[in-house]
Amino acid sequence: MAAEDLPSEFDVVLVGTGLTESVVAAACARVGQRVLHLDTRTYYASKWASFTLNALLTWIDERQSPSDEVQDWSGLLQDGEEPICLSNADSASIRNVQVFCFARSAGDAEKAGPEPPRPLEAAGGKKMTFAHLLKEGRRFNIDLVSKLMYARGSLVDLLIKSNVSRYAEFKNVTRVLTYRHGNVEQVPCSRADVFASRRLSMVEKRKLMRFLASCVEEKEEEELEGELAEFLRDQQLGDNLQHFLLHSIAMVTEDTPTRDGLASTRHFLRCLGCYGNTPFLFPVYGLGEIPQCFCRMCAVFGGVYCLRHPVSCLLLDKTANRCTALIDGRGQRIASSHFVLEEGCFYVKTLPRLSSCRSISRGVLITNRSILPGDQHQVSVVTIPSLEVGLPAVRMVELSPSTMTCAPGTYLVHLTCQSQLGSAYEDLWPVVTRMFNTAQSCDQDSRPDVLWCFYFNMDDGGAGAESDGDRLPSNVYVCSGPDAELGHERAIKQAEAIFRKIVPDQDFCPPAPNPEDILYDADDPEDPANTMDKRDKDEEPAELQEQQLQVEE
Amino acid sequence: MAIRELKVCLLGDTGVGKSSIVCRFVQDHFDHNISPTIGASFLTKTVPSGSELHKFLIWDTAGQERFHSLAPMYYRGSAAAVIVYDITKLDSFQTLKKWVKELKEHGPEDIVVAIAGNKNDLGDIREVPMKEAKEFAESIAAIFIETSARNAVNVEELFQKISKQIPPLDNPDVESTESFKLTRQPAASTRRCC
């Protein structure tokens, strides 16, 4: 079947389907902009993508042979235009990829680990082989980015406000854990947890409750000089509570200023009890679903989607300092008023990257049991303070099969930290050998076995300064990649800022009409969702189309 | 009667009448001018099935199939898929196999598959013999039916057939681990944090 040509004129063209680009796409289409959303890759969500195990192995193999041929489309240039070449190579921002397999190989063997493979017992007593993992490979959804959603964070707010939330389902993160004195411990964070905790004395329980209650109120500014660690010591809370509060609730390091530390403590507390007894949510099937949900919203409002679509260059009108069109890999000229591109599209000579000096170290492990066995459906976030001087503090998220991100009988463990030693393997290996049983450590204990693991470094999207965009034409916007933070605040904030530059006078992601809502809200005229729907009906042609198709039972 | 929500995803080439079939089923309405790209994000209709009520949540492709860019999230948790082709366009039947493959790769393992040959009111310009399509459907254990969204032929029947094939809930007690949807949050008074 011959590939159809794309339409050649749009209001907004986006390249890259990461979270930021996808939110901008949905927001623009929602208010009637004509949107074209391209990705050079074969899959959605760019650096925010998730893969089945089999797809991940293919991805690892293929990224070793990047292709970035430069073609000459100078014949397509009009008077006064100059090309800004774009890169299609995805490899530069992901480095130091290392894969180890410790599961027993069987039959048509594969990549063997550094040690002789040996059998491992999976839950249920069955022997778990690499072949078995591959056979169950499609049950894995392995995210390149590991984050959680704060129950009252800006991503959750946006999903709800825009009704994009209807496209996905979520799980509560059920436990906040920490690693101390060689043991994994549960951090009591809700009132129920605190009182149920057997680790805390009665006095500690009272102190903790009093401290948390006092945190909820904003403090006078002058009380907050100095560092949080010191501030906590002054409260005479004791070692246990100081550790919990600093590492697991504020989730900061020893030298974080008190003001910032207390702000993140408050954010943590504000998010508690909204959905479950931790402040965090995780999307079923993994984080890679979220950009896809925003892309769907964009498509519902007329956005045109095209994956595996190479791009060649932007055409710059030098006198106006604006881009007029994008030339794609096939030489088609696509005119647009605005261009939104992921950072990786630009060559370093066009857009120097401050971010390249900082990177995120990531590790992904497939294990055979939980690091703190309990109810089998646990989803845990684990804060691991620096094991020794010079090693980074590491954040771990352990996902059970109930999140649909790993096969029954396995757990998927994500490790994330700011890179300190250069490669992800060097940064994370000390934590992995202490907390897990690998072929390299002796197996006398109850620690989970690592069946397969994968390390890589990714550019830290939080490192670049916002003013990078000054060097670019006025109608070109850059989306930085994922940052090392736990939440999604930066990506959402950046998406909203870009949207405001493109369409300054429009609402950011107003609720999309939902047949369910209209019926349900019918007896409640006060509901803002309902009145919003009515107003939209008169304003937007896209909306009208959707309304016509709605149910009236 | 217990209501069961069942997600149904639609597949098939642009212009074969996916949106029209849903529109006929849900609203008993046929619109000649449905825009090819803009559809509802999903439509719902509840039908009785045995001792249960089946509430179909029918997802449209929203045009993402046009440049072969459907997202895997589109298939997540689907109880059934309806693959539509146009009986007057041999091409749309040829690519059916591609959609079946796509579904095998991305869809849930236990998904009920239905193949619908649409526009059977245009029998005089038919390009796809019914027998051939029926045999293909049998070879992949799929439901087969020819429909006309325009004349309201076999659209109800298509969904009845799907309803019948949905396996009964074997364990209603799994609720405790179930995932949830995010909705507008209750008023701040329900805060129970410490």
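Note on naming: letters A, B, ... go to the chains in the order of the sequence lines (proteins, then strands), and numbering restarts at 1 for each one.
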Side chain, backbone, both or neither: which part of [X] has a non-hydrogen atom closer than 4.5 Å to chain B?
X: A:Cys293; result: both
X: A:Ala168; result: backbone
X: A:Leu208; result: neither
X: A:Arg210; result: neither

Handout entry: Contact class of B:Gln94 relative to chain A, heavy atoms under 4.5 angstrom
Key = neither
Practice task
Kindly indicate, with the supporting measurements, whether the criterion side-chain contact (heavy atoms from CB on, under 4.5 Å) is fulfilled by A:Arg308 and B:His68.
Solution key: CA-CA 9 Å; A:Arg308 19 185 131 66; B:His68 315 289; 4.1 Å; yes
Handout entry: B:Lys134, NZ atom: more than 12 neighbouring heavy atoms under 6.0 Å
Key = no
Exercise for the section: Answer yes or no: does atom CZ of A:Arg138 have more than 12 heavy-atom neighbours from other residues, nucleotides or ligands under 6.0 Å? Expected result: yes
Practice task
Report yes or no: does B:Lys181 contribute a side-chain atom to a donor-acceptor pair with the main-chain N or O of A:Glu169 at less than 3.5 Å?
Solution key: no
Could you check if a side-chain atom of [X] sits within less than 4.5 angstrom of a side-chain atom of [Y], using non-hydrogen atoms only?
X: B:Tyr74; Y: A:Arg296; result: yes
X: B:Arg76; Y: A:Asn141; result: yes
X: B:Leu182; Y: A:Val156; result: yes

Exercise for the section: Between chain B and each of A:Leu307, A:Thr403, A:Thr17, count heavy-atom pairs under 4.5 Å; write down the option with the most. Expected result: A:Leu307
Handout entry: Option in A:Asn172, A:Leu159, A:Thr52 with maximal non-hydrogen atom pairs under 4.5 Å from chain B
Key = A:Asn172
Practice task
Tell me whether the centres of the aromatic rings in A:Tyr305 and B:Phe67 are closer together than 6.0 Å.
Solution key: no
Practice task
Assess whether side-chain contact (heavy atoms from CB on, under 4.5 Å) is satisfied between A:Val300 and B:Asp60, documenting all intermediate values.
Solution key: CA-CA 9 Å; A:Val300 164; B:Asp60 209 329; over 6 Å; no
Handout entry: Criterion side-chain contact (heavy atoms from CB on, under 4.5 Å) on A:Tyr167 and B:Trp59, from CA distance to verdict
Key = CA-CA 10 Å; A:Tyr167 300 138; B:Trp59 287 43; 3.6 Å; yes
Exercise for the section: Anything under 30° is parallel, anything over 60° is perpendicular, the rest tilted; go ahead and classify B:Phe180 against A:Tyr275. Expected result: parallel
Problem - A:Tyr44 and B:Gln64: CA distance, side-chain angles, deciding distance, side-chain hydrogen bond (donor to acceptor under 3.5 Å, both in side chains) verdict - result: CA-CA 12 Å; A:Tyr44 274 96; B:Gln64 283 176 302; 3.2 Å; yes
Exercise for the section: Over all heavy atoms of both residues, which pair between B:Ser69 and A:Cys306 is shortest? Give the atoms and the distance, please. Expected result: OG-CA, 3.4 Å
Problem - Where A:Lys171 and B:Ser179 come nearest, the two heavy atoms and their spacing - result: NZ-N, 3.7 Å
